[in-house]
2 protein chains.
Amino acid sequence: MTESSLTVDAVVSRLSVDRSSPVPLYFQVAQELQRLIDTEALPAGSRLTNEIEFADRLGVSRPTMRRAIQYLVDRGLLVRKRGVGTQVVRSQVNRSLELTSLYDDLEKAGRKPRTEVLSSGMVPAGEEEATALGLPPGSEVFELRRLRYADDEPIALMTNYLPPGVVDVEPEVFATTGLYELIRAAGYRIRVADQVIGATNAPSDIAALLHEKKGAALITMRRVAYDDEGAAVEYGTHVYRSSRYSFSLTLVER
Amino acid sequence: MTESSLTVDAVVSRLSVDRSSPVPLYFQVAQELQRLIDTEALPAGSRLTNEIEFADRLGVSRPTMRRAIQYLVDRGLLVRKRGVGTQVVRSQVNRSLELTSLYDDLEKAGRKPRTEVLSSGMVPAGEEEATALGLPPGSEVFELRRLRYADDEPIALMTNYLPPGVVDVEPEVFATTGLYELIRAAGYRIRVADQVIGATNAPSDIAALLHEKKGAALITMRRVAYDDEGAAVEYGTHVYRSSRYSFSLTLVER
DNA sequence: AAGTGGTCTAGACCACCGC
DNA sequence: CGGTGGTCTAGACCACTTT
């Protein structure tokens with residue numbers, strides 16, 4: 001017990017903050033703490049110094065210290081118990097499902113992503129697309145169909161629908177730039193998205209595109225993304241090869 | 001503009017807090033605000049009174065008001081922009097993927113859930129189970145196989161592995177009580193879980209159990225749940241009928 | 001009783017946005 | 001420029017857990 005406390009103390013004493021930095025104090029503290037946890041300098045199960053003393057040592061106020069700790073609690077790295085203390089839950093960092101594009105995900109994972117644009121252009125919205133985007137049925141929407149590769153293996157067939165006027169670029173651009181990046185570049189800020197994940201058997205045409213056999217199990221993902229004003233700016237229905245892709249997420253009790 | 005402000009003001013003036021309640025102030029405020037959003041008294045797109053005046057009217061401090069607002073921002077109901085203000089993003093409340101059991105989910109949805117225990121007992125851990133639970137390979141673990149029904153239709157086949165000694169009840173109990181409830185009752189507090197969602201084609205034996213055809217696309221979910229100390233307390237591999245179930249989640253930009 | 005995290009306050013200063 | 005949210009402080013009191 002004493003041994004462990006001393007170790008934690010020693011580790012904590014390595015922390016410091018830079019008050020001249022534009023990075024918020026609470027975030028600096030959170031990042032340094034996370035680094036210690038990731039490197040297992042603070043292994044899973046170890047207890048942190050209580051927040052008041054911790055704040056004192058770092059020279060920050062208690063609310064700021066609490067905010068840093070809460071940030072890591074929300075990410076599932078720390079656990080707090082009233083009357084007891086704060087403990088490290090685990091060291092491995094599993095990124096939870098985030099609001100990023102598949103392209104970014106693959107790139108971060110070091111797999112070389114590539115995109116093939118199958119088609120793009122205005123089409124009359126079906127009932128499903130119109131409902132998702134909150135547009136009158138039959139109105140024109142922009143349809144984009146792309147095939148995503150990683151390391152020259154097809155991974156996903158992505159079909160997206162956008163209200164008219166959201167992105168206005170040459171079709172070739174979609175091969176080199178992520179859709180979300182383009183939407184953001186057009187001045188839309190996506191803050192919230194609803195997703196539904198399911199599964200389906202591959203029909204023969206989709207199977208051929210994805211180098212799978214007809215009937216192969218595919219992961220389906222439907223997503224509606226909303227901008228600042230609460231207006232739907234993108235509706236996508238994607239299918240992924242289950243042999244090559246899966247969704248990972250970390251759940252944290254609130 | 002003036003019109004809209006007046007309306008919001010009128011709505012906001014309906015709010016109040018109960019200082020004698022044990023419920024935290026920030027939570028009372030958040031709940032009342034959420035109610036106004038859910039009922040569309042504050043429709044999507046409407047702008048909130050600035051937080052300082054809002055706090056004054058409710059008679060709470062600004063940090064408390066901010067905490068209430070942040071709570072709803074984290075849930076994707078509100079959006080804040082510095083220099084601009086706070087707006088309602090949307091009214092529909094889509095519960096995000098939470099740390100609950102399928103049983104609870106179904107029950108809340110008003111479907112009548114039922115559980116059939118296929119088998120339960122100690123088995124030698126395979127490599128997969130041992131790794132997930134952090135136990136030495138070949139050690140004994142508790143295996144539980146259940147079939148979940150909703151409205152007398154099979155929904156999922158659930159296989160769970162627990163370290164020895166976590167739950168010690170008669171097998172019949174599993175038919176009437178959720179696994180997570182039992183784990184909690186045994187004094188474990190589950191705070192974090194990692195999930196991986198994928199898809200697979202049903203082998204004939206599983207297809208038969210789930211009333212599906214062989215080869216039907218099923219959703220797979222693997223989950224490792226961790227307790228306070230960061231120790232794995234449960235490893236589950238579940239398969240769901242994609243025709244009857246899907247995962248819904250809401251993503252919010254951080 | 002001692003120690004921990006949970007809540008709340010009143011005020012300060014800063015950064016960004018739109019006019 | 002005025003208005004907004006973002007950060008930070010120093011301190012108070014409370015609720016829970018352990019000894």
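Letters go in sequence order (proteins before strands), and every chain restarts at 1.
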Report task. Give, for atom CG of A/L77 and atom CG of A/L42, the distance between the pair rounded to the nearest 0.5 Å. Result -> 10.5 Å
Query raised in the report: Can you tell me how far OG1 of A/T86 sits from CE of A/M65, rounded to the nearest 0.5 angstrom?
Result: 8.5 Å
Query raised in the report: Do any side-chain nitrogens or oxygens of A/T86 fall under 4.0 Å of OP1 or OP2 in C/dT4?
Result: no
Query raised in the report: For nucleotides 11-19 of chain C, read 5' to 3', which letter fits each nucleotide if B means a protein heavy atom sits under 4.0 Å from the base, S means only the sugar-phosphate is that close, and - means neither?
Result: -B--BBB--
Report task. Provide, to the nearest angstrom, the distance between the CG atom belonging to B/D74 and the C1' atom belonging to D/dG5. Result -> 15 Å
Requested in this report: Give a yes/no on whether any side-chain N or O of B/T64 is located under 4.0 angstrom from OP1 or OP2 of C/dT9.
Outcome: yes
**Report entry** Residues, nucleotides or ligands: over 12 heavy atoms within 6.0 Å of B/D168 CG
**Finding:** no
Query raised in the report: Counting only side-chain N and O atoms of B/R67, is one of them less than 4.0 Å from OP1 or OP2 of C/dC8?
Result: no
Query raised in the report: Closer than 4.0 Å, any side-chain N/O of A/R66 to the OP1 or OP2 of C/dG5?
Result: no
Query - Nearest-angstrom distance from the residue atom CZ of A/F54 to C1' of C/dG3 - result: 17 Å
Report task. Compare the minimum distances between each of D/dG5, C/dT4, D/dT9 and the side chain of A/N50, then state the nucleotide with the smallest one. Result -> C/dT4
Requested in this report: Let me see the working for B/F174 and B/F142 under ring-ring contact (aromatic ring centres under 6.0 Å, His included), right down to the final yes or no.
Outcome: CA-CA 13 Å; B/F174 293 116; B/F142 181 76; 5.8 Å; yes
Query raised in the report: How sharply is the helix from C/dA1-D/dT18 to C/dG18-D/dC1 bent, taking the axes over five pairs at either end and rounding to 10 degrees?
Result: 20°
Query raised in the report: Is there a donor-acceptor pair under 3.5 Å between the side chain of B/R47 and the backbone N or O of B/V88?
Result: no
Report summary line: Here the residues of residues 22-29 of chain A within 4.0 Å heavy-atom distance, strictly under, of DNA chain C are none
Report summary line: A/E53 CD to C/dG5 C1', in whole Å, measures 15 Å
Requested in this report: Give the rounded distance in Å between these two atoms: CD of A/Q87 and C1' of C/dT4.
Outcome: 13 Å
Query raised in the report: Please give, in whole Å, the distance from C/dA10 P to B/E51 CD?
Result: 15 Å
Requested in this report: Please state how far atom CD in A/Q70 lies from atom P in D/dT7, giving the value in whole angstrom units.
Outcome: 15 Å
Report task. Please state whether the rings of B/Y161 and B/Y235 are parallel, tilted or perpendicular, taking 30° and 60° as the class boundaries. Result -> parallel
Report task. Name the residue closer to the 5' end of DNA chain C, choosing between B/M65 and A/G85 according to the nucleotide with the nearest heavy atom. Result -> A/G85
Requested in this report: Look at the side chain of B/T39 and the backbone N and O of B/R35, then say whether any donor-acceptor pair between them is shorter than 3.5 Å.
Outcome: yes
**Report entry** Between CD1 on residue B/I69 and OG1 on residue B/T64, distance to nearest 0.5 Å
**Finding:** 11.0 Å
Requested in this report: Show the numbers, then the answer: is there a side-chain hydrogen bond (donor to acceptor under 3.5 Å, both in side chains) between B/R146 and B/T115?
Outcome: CA-CA 7 Å; B/R146 296 168 298 167; B/T115 306; 5.7 Å; no
Query raised in the report: Quick one: is C/dT9 close enough that its OP1 or OP2 comes under 4.0 Å of any side-chain N or O from B/R19?
Result: yes
**Report entry** Option from B/R223, B/E234, B/E143 for which side-chain hydrogen bond (donor to acceptor under 3.5 Å, both in side chains) with B/N160 holds
**Finding:** B/E234
**Report entry** B/R66 side-chain N/O to B/I52 backbone N/O, donor-acceptor pair under 3.5 Å
**Finding:** no
Query raised in the report: How far does CD1 of B/I190 sit from CZ of B/R184, to the nearest 0.5 angstrom?
Result: 5.5 Å
**Report entry** Integer-rounded Å distance: C/dG6 C1' and B/Y71 OH
**Finding:** 15 Å
Query raised in the report: Which nucleotide sits closest to the side chain of A/S61: C/dG6, C/dT9, D/dC8?
Result: D/dC8
Query raised in the report: Taking only N and O in the side chain of A/R80, is any of them less than 4.0 Å away from OP1 or OP2 of C/dG6?
Result: yes
Query raised in the report: Rounded to whole angstrom units, what separation is found between the CZ atom of B/R189 and the P atom of D/dC16?
Result: 13 Å
